[in-house]
Amino acid sequence: MPESSPLVPVRDVPPNAEIHPGELEHPVTPTPAFFVRCNFPVPSIDPAEHRIRIGGAVERAFVVSVEELRAMELRTVEVTTECAGNGRIGMQPPAPGVPWDDRAVSTAVWTGVPLRLLLERAGVSDDAVEVRFDGADGGELAEAGRFVSYARSLPLEKALDPDTLVALEMNGEPIPAEHGAPTRLIVPGWYGMASVKWLTGIELVTEPFQGWFQRDRYVYDPDTGEAPTPVTSMRVRSIIHRPLEGSTVKPGTLHVRGWAWSGDGSITKVEVALGGGDQWVEAALESHTTSPYAWVGWSCSLEVRTPGRHLLRSRAWDSAGERQPDRPPWNRLGYGQNAVRTIAFEVH
Ligand SMILES: Nc1nc2c(c(=O)[nH]1)N[C@H]1C(S)=C(S)[C@@H](COP(=O)(O)O)O[C@H]1N2
Ligand SMILES: [Mo]
């Protein structure tokens, strides 16, 4: 593993930190540089003692150890994960919650047991509508006024997707404590909240799950009195990592590079604009992987001769026909902020 720059902390307790801008150049984020998002302190779990229960509306409930999971048929998937709160500091007016800038996003190669295999072994009952996942972490939440543990649910269809994993390895190594050791869920294409860390239980439920992190958080609340809708797949987005925001480059040809991703299809186009106004230049897409769940690299070259400060923007389109909006889409809790971002750099 190459040496990597420290994470950029956003909150120290519990740990919440963004990827360092200097680490964004890697197609697969080095494990120590992968962003961390924890709602509660990191639980410590003995992998030898750890068991996951699979129960609820099933024909045969069972318990499985980490060892038994390792002996099953494993699958490896490269996945870009973004926190639903990424970009929250761009919300106007500011939204409550962890004030993420735009780097609560990273990519890893995950290896694990397709959740589908565990559900097939259990035999899902006809009346099951969702699968609930329990994490080992929890605590008193001031906003909730009670003790809450981390739990989330998935619709059956996404739970049965062959690429939804009960992961055992991150980038070919056991999962580090802060990323969910010894086992976590990986839900490709969805914002990070779905990928429950420190997984202890999988339960088939016959009514939609109503937990705090399902119904009160990770919802798009229009704040108009209309019902909130659940946060699910990642909205189309792009990030520039060259030049870095605030950096200085020489006059001449400027090589611009970045990533683009969407949970709703493949990236079809990325455009770049230098300065304000509506002059957009199409970037070349450069896929480093066949995984449909990983971000796609893009680049273009621009001439910049005038010394001083310059602005740069990128915008991506996906195969669902969505484009990054020019302004942050408003919702009360500040999720899914995928608006075009303007960065500034200097030419000298
Ligand atoms: N048990 C548990 N799982 C969790 C969380 C959590 O607080 N507890 N945070 C979720 C959120 S909001 C995100 S964005 C991802 C972050 O995963 P990472 O810390 O490995 O980057 O984990 C998700 N899974
Ligand atoms: Mo998140």
Side-chain angles (χ1 to χ4, degrees), residues 7-11 13-20 23 28-45 50 52 79-88 95 97-110 112 132-139 141 143-144 148-154 164-171 173-202 211-214 216-220 230-235 237 261 263 333-338:
L7 289 161
V8 179
V10 181
R11 290 274 187 272
V13 185
N16 283 286
E18 299 185 320
I19 181 173
H20 188 281
E23 298 290 336
V28 174
T29 311
T31 302
F34 197 102
F35 86 96
V36 176
R37 199 290 179 248
C38 297
N39 284 278
F40 303 105
V42 174
S44 139
I45 298 174
H50 189 60
I52 298 179
V79 177
T80 294
T81 303
E82 181 186 15
C83 181
N86 195 30
R88 185 177 281 131
V98 177
W100 297 106
D101 194 337
D102 68 342
R103 293 184 316 275
V105 58
S106 299
T107 298
V109 177
W110 299 95
R132 195 190 79 207
F133 304 91
D134 290 307
D137 53 329
L141 271 191
E143 316 95 277
V148 182
S149 46
Y150 197 86
R152 291 270 316 168
S153 69
L154 278 182
T164 297
L165 301 182
V166 173
L168 296 157
E169 288 179 6
M170 178 182 191
N171 297 332
E173 304 279 347
I175 300 172
E178 65 275 25
H179 293 296
T183 56
R184 74 176 296 175
L185 198 65
I186 290 294
V187 183
W190 282 39
Y191 281 113
M193 76 281 144
S195 295
V196 176
K197 302 193 275 188
W198 313 292
L199 189 61
T200 60
I202 300 174
W212 175 263
F213 291 105
Q214 192 70 33
D216 300 286
R217 286 294 178 272
Y218 306 119
V219 288
Y220 294 118
V231 172
T232 58
S233 56
M234 298 184 293
R235 291 173 168 172
R237 196 159 206 241
W261 64 95
L333 296 168
Y335 296 120
Q337 202 289 79
N338 66 333

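Nothing here was measured: the structure is a model prediction, and the numbers come from that model. Whatever order the structure lists them in is the order used to number ligands and atoms, beginning at 1.
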Against heavy atoms of [X], which atoms of ligand 1 measure under 4.0 Å?
X: V196; answer: 3 (N), 24 (N)
X: S195; answer: 22 (O), 23 (C), 24 (N)
X: C38; answer: 7 (O)
X: F34; answer: 21 (O)
X: N39; answer: 6 (C), 7 (O), 9 (N)

Tell me: protein heavy atom nearest [atom], and distance?
atom: atom 23 (C) of ligand 1; result: G192 O, 3.2 Å
atom: atom 9 (N) of ligand 1; result: R37 O, 3.4 Å
atom: atom 21 (O) of ligand 1; result: F35 O, 2.6 Å
atom: atom 8 (N) of ligand 1; result: D137 OD2, 2.7 Å
atom: atom 19 (O) of ligand 1; result: K197 NZ, 2.5 Å

(Q) Does only the side chain of C83 get under 4.0 Å from ligand 1, or the backbone, or both, or neither? Count heavy atoms. (A) both
Q) What's the shortest heavy-atom distance between R152 and V196, and which atoms? A) CB-CG2, 3.7 Å
Q | Residue-ligand contact F213/ligand 1, heavy atom below 4.0 Å | A | no
Q) Does ligand 1 have an atom under 4.0 Å from some heavy atom of R184? A) yes
Q | Axial cation check for Y335 ring with R88, 6.0 Å and 45° limits | A | yes
Q. Would R235 count as a cation-pi partner of W261, with NZ or CZ less than 6.0 Å from the six-membered ring centre and within 45° of the ring normal?
A. no
Q. D134 and T200: side-chain hydrogen bond (donor to acceptor under 3.5 Å, both in side chains), yes or no, with the steps?
A. CA-CA 6 Å; D134 290 307; T200 60; 5.2 Å; no
Q: Hey, could you give me the CD/CG distance between E178 and L7, rounded to the nearest 0.5 Å?
A: 8.0 Å
Q: Nearest heavy atom to atom 4 (C) of ligand 1 wins, so pick from Y191, W198, Y150.
A: Y150
Q) Is the distance between the ring centroids of F213 and F40 under 6.0 Å? A) yes
Q. Is there a side-chain contact (heavy atoms from CB on, under 4.5 Å) between V10 and E18 once you walk through the steps?
A. CA-CA 7 Å; V10 181; E18 299 185 320; 3.7 Å; yes
Q | Heavy-atom side-chain proximity of L154 to W190 below 4.5 angstrom | A | yes
Q: Check the pair T107 / T80 against side-chain hydrogen bond (donor to acceptor under 3.5 Å, both in side chains), numbers first and verdict last.
A: CA-CA 4 Å; T107 298; T80 294; 2.7 Å; yes
Q. Could an N or O of ligand 1 be found under 3.5 Å from any N or O of Y218, whether backbone or side chain?
A. no
Q.
Taking G135's backbone N and O only, do any of them form a donor-acceptor pair with K197's side chain (distance below 3.5 Å, no angle check)?
A. no
